[in-house]
Amino acid sequence: MLAAILDHYNYWLIIFLMMIGLYIVVSRGNLIKKIVGLNIFQTSVFLLYITIGKVNYGTAPILTGQPETFSNPLPHVLILTAIVVGIATTALGLALVVRIRESYGTIEDEEIAVSEQFQAESEVNQISS
Amino acid sequence: MLDMVTIVDVVLLALLSTTAVAILLMRHLFAVVALTGAFSLLSAGLLVTLDAVDVAFTEAAVGAGISTVLMLGTLALTRRRESRPPRLSPIGLLVITITGGALIYATPDMPKFGDPNAPSHQHIIPSYIKGSQDEIGIPNIVTSILASYRSFDTLGEVAVIFTAGMGVIILLGRRREDEHGYSEDVAAYPLKEQNKPKINDETTT
């Protein structure tokens with residue numbers, strides 16, 4: 001029983017983290033909070049990949065001259081790339097949040113929807129009058 | 001079976017979960033951003049126990065450093081509090097139950113944690129590890145894969161960063177005025193002197 005848990009506990013805890021991130025994105029209306037949720041989701045995916053690369057009794061993949069067991073370096077390379085791409089998309093998302101705040105005066109999705117509705121109605125009134 | 005590394009691993013994952021739940025419940029955005037930095041730092045610690053030292057470096061510098069600075073800058077330009085109190089979202093709960101359930105249902109098919117015979121360690125990796133010293137000459141295998149064996153991936157990454165940087169510059173770089181002389185941040189700061197419409201001056205004179 002303990003062996004079965006030890007085989008997969010890392011995956012389960014990381015999936016739990018992922019789901020918290022996803023829940024923040026779905027349930028919270030504040031745009032900065034949504035981006036934070038996306039970041040949590042993203043970091044959990046990184047941890048999942050690195051978990052797959054782990055080898056028991058392995059060390060960091062740096063050659064020291066002695067014969068050693070190394071963990072799989074390929075997920076490390078993929079995730080290095082993913083971290084940098086992740087910060088680029090986060091920066092773009094935050095820039096969008098700043099622009100939305102400038103145009104609508106708010107960063108709450110419900111208030112943005114109300115403002116859009118109001119704008120559409122006033123346009124209709126202008127045309128009919 | 002329960003060695004030191006496993007215990008550290010579980011403790012770090014428990015701390016990460018606590019931080020994530022705190023972020024979920026917190027309404028003060030400044031605290032949320034600070035906790036995001038802590039989350040990145042804890043995950044960097046976890047990456048070290050999983051032997052990914054290069055990734056831990058990058059995560060600590062980029063995740064805990066640059067991304068926190070960017071978010072604090074955004075907070076300075078927007079506002080500090082979430083207006084809606086946290087409430088239960090039934091659709092959200094449904095989505096995470098189905099997604100999380102499906103993922104956990106799939107985990108028994110995954111290779112065991114730390115299994116040296118897992119399929120992902122069999123193909124091409126042994127030749128990278130064996131050939132790295134002679135073919136590239138760098139002791140760090142991650143660097144030799146990143147910069148040499150898989151350097152086109154890194155080139156693609158640079159293209160993505162360039163595109164994102166262009167996007168940020170286009171979004172924030174200049175302020176346009178429309179035909180009435182309104183600058184675009186009128187909606188955000190309607191009472192500022194320079195934002196008052198110029199068209200009024202013409203009609204009164």
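Computed from a prediction, not measured in an experiment: that's the story for all the values here. Just so it is clear: chains get the letters A, B, ... in the order the sequence lines come, proteins before strands, and each one is counted from 1.
In terms of heavy-atom pairs under 4.5 angstrom with chain A, the leader among B:D153, B:L24, B:V95, B:V62 is B:L24. When the candidates B:G63, B:G114, B:S43, B:S17 are compared by the number of heavy-atom contacts under 4.5 Å with chain A, B:G114 comes out ahead. Your options are A:P75, A:G29, A:G86, and the one with the most heavy-atom pairs under 4.5 Å with chain B is A:G29. Comparing A:L13, A:I15, A:V26 by how many heavy-atom pairs each has under 4.5 Å with chain B, the most go to A:I15. Put simply, of A:A82, A:G21, A:G53, the one with the most heavy-atom pairs under 4.5 Å next to chain B is A:G53. Comparing B:V160, B:D9, B:D115, B:V5 by how many heavy-atom pairs each has under 4.5 Å with chain A, the most go to B:D9. When each of B:A20, B:A14, B:A164 is checked for heavy-atom pairs under 4.5 Å with chain A, B:A20 comes out on top. Here B:P139 is the residue among B:P139, B:G92, B:G165, B:S89 with the most heavy-atom pairs under 4.5 Å with chain A. Interface check for chain B: of the options A:L22, A:T69, A:T64, the most heavy-atom pairs under 4.5 Å are formed by A:L22. Between chain B and the options A:V85, A:T90, A:L74, A:T51, heavy-atom pairs under 4.5 Å are most frequent for A:L74.
When heavy atoms are compared at a cutoff of 4.5 Å, B:T68 does not approach chain A at all. With a 4.5 angstrom heavy-atom cutoff, B:L29 touches chain A only via side-chain atoms. For A:F16, the part lying under 4.5 angstrom from a heavy atom of chain B is the side chain only. Interface residue B:I125: only side-chain heavy atoms are found under 4.5 Å from chain A. The contact between B:L93 and chain A is made by backbone and side chain atoms together, counting heavy-atom distances below 4.5 Å. In this structure, the portions of A:I24 lying under 4.5 Å from any heavy atom of chain B include both its backbone and its side chain. Heavy-atom distances place the side chain of A:E110, and not its backbone, under 4.5 Å from chain B. Interface residue A:T106: backbone and side-chain heavy atoms are both found under 4.5 Å from chain B. Heavy atoms closer than 4.5 Å to chain B are found in the side chain of A:L17, but not in its backbone. Both the backbone and the side chain of B:M71 have a heavy atom closer than 4.5 Å to some heavy atom of chain A. In this structure, the portions of B:V21 lying under 4.5 Å from any heavy atom of chain A include both its backbone and its side chain. Contacts of A:L96 with chain B are made by both backbone and side-chain atoms, with heavy-atom separations under 4.5 Å. Looking at A:L92, the atoms closer than 4.5 Å to chain B (heavy atoms on both sides) sit in the backbone and in the side chain alike. Using a 4.5 Å cut-off between heavy atoms, A:T59 contacts chain B through its backbone alone, with no side-chain atom that close. Heavy atoms of B:T36 lying under 4.5 Å from chain A belong exclusively to its side chain. Residue B:A118: no heavy atom, backbone or side chain, is found under 4.5 Å from chain A. Interface residue A:Y9: only side-chain heavy atoms are found under 4.5 Å from chain B.
Contact annotation: the side chain of A:I87 approaches that of B:L70 to within less than 4.5 Å [non-hydrogen atoms, C-beta and beyond]. Residues B:E59 and A:I79 fail the side-chain proximity criterion, which asks for heavy atoms closer than 4.5 Å. When side chains are defined from C-beta on, A:D7 does not count as touching B:M110, because their heavy atoms never get closer than 4.5 Å. You'll find the side chain of A:N30 stays beyond 4.5 Å of the side chain of B:V32, heavy atoms only. Considering only heavy atoms from C-beta on, B:S120 comes within 4.5 Å of A:N72 through its side chain. In this structure the side chain of B:Y128 never reaches within 4.5 angstrom of the side chain of A:V77, judged on heavy atoms.
A pairwise comparison of heavy atoms in B:L88 and A:Y23 identifies CA-OH, 3.8 Å as the closest pair. Across every non-hydrogen atom of B:S67 and A:N39, the tightest pair is OG-ND2, 4.3 Å. Across all their heavy atoms, B:E157 and A:T81 have their closest contact at OE1-CG2, 3.2 Å. The two atoms that bring B:L171 and A:A95 nearest to each other are CD1-CB, 3.9 Å, heavy atoms only. Heavy atoms only, all atoms of each residue included: A:P73 and B:I141 are closest at CG-CG2, 3.8 Å. Of all the heavy atoms in A:H76 and B:L50, the pair that sits closest is NE2-O, 4.4 Å.
Counting heavy-atom neighbours within 6.0 Å of A:Y49 OH, excluding the residue itself, gives a total of 12 or less. Atom CG of B:L25 has more than 12 heavy atoms from other residues, nucleotides or ligands within 6.0 Å.
A side chain to side chain contact (heavy atoms under 4.5 Å, CB included) with B:T78 is found for one member of A:I100, A:I107, A:L94 and no other, namely A:I107. Screening A:L78, A:I50, A:L47 against B:V55 for a side chain to side chain contact (heavy atoms under 4.5 Å, CB included) leaves a single residue, A:I50.
A distance of 5.5 Å separates CG of A:N10 from CG of B:L13, quoted to the nearest 0.5 Å. One distance of note links CG of B:L16 with OG1 of A:T43; it measures 9.0 Å at 0.5 Å rounding. To the nearest 0.5 Å, atom CD1 of residue A:I32 and atom CG of residue B:L75 are 4.5 Å apart. Taking CD1 of A:I40 as the start and CG of B:L35 as the end, the distance is 9.0 Å to the nearest 0.5 Å. The distance from the CD1 atom of A:I14 to the OG1 atom of B:T107 is 11.5 Å, given to the nearest 0.5 Å. To the nearest 0.5 Å, the span separating CD1 on A:I83 from CG on B:L47 amounts to 7.0 Å.
Taking non-hydrogen atoms and a 4.5 Å limit, the residue list of residues 96-104 of chain B in contact with chain A, ordered by number, reads B:I96, B:T99, B:G100, B:L103, B:I104.
A donor-acceptor pair under 3.5 Å links the side-chain atoms of A:K33 to the main chain of B:M26, judged by distance alone. Judged by distance alone, the side chain of A:Y11 and the main-chain N or O of B:P108 form no donor-acceptor pair under 3.5 Å.
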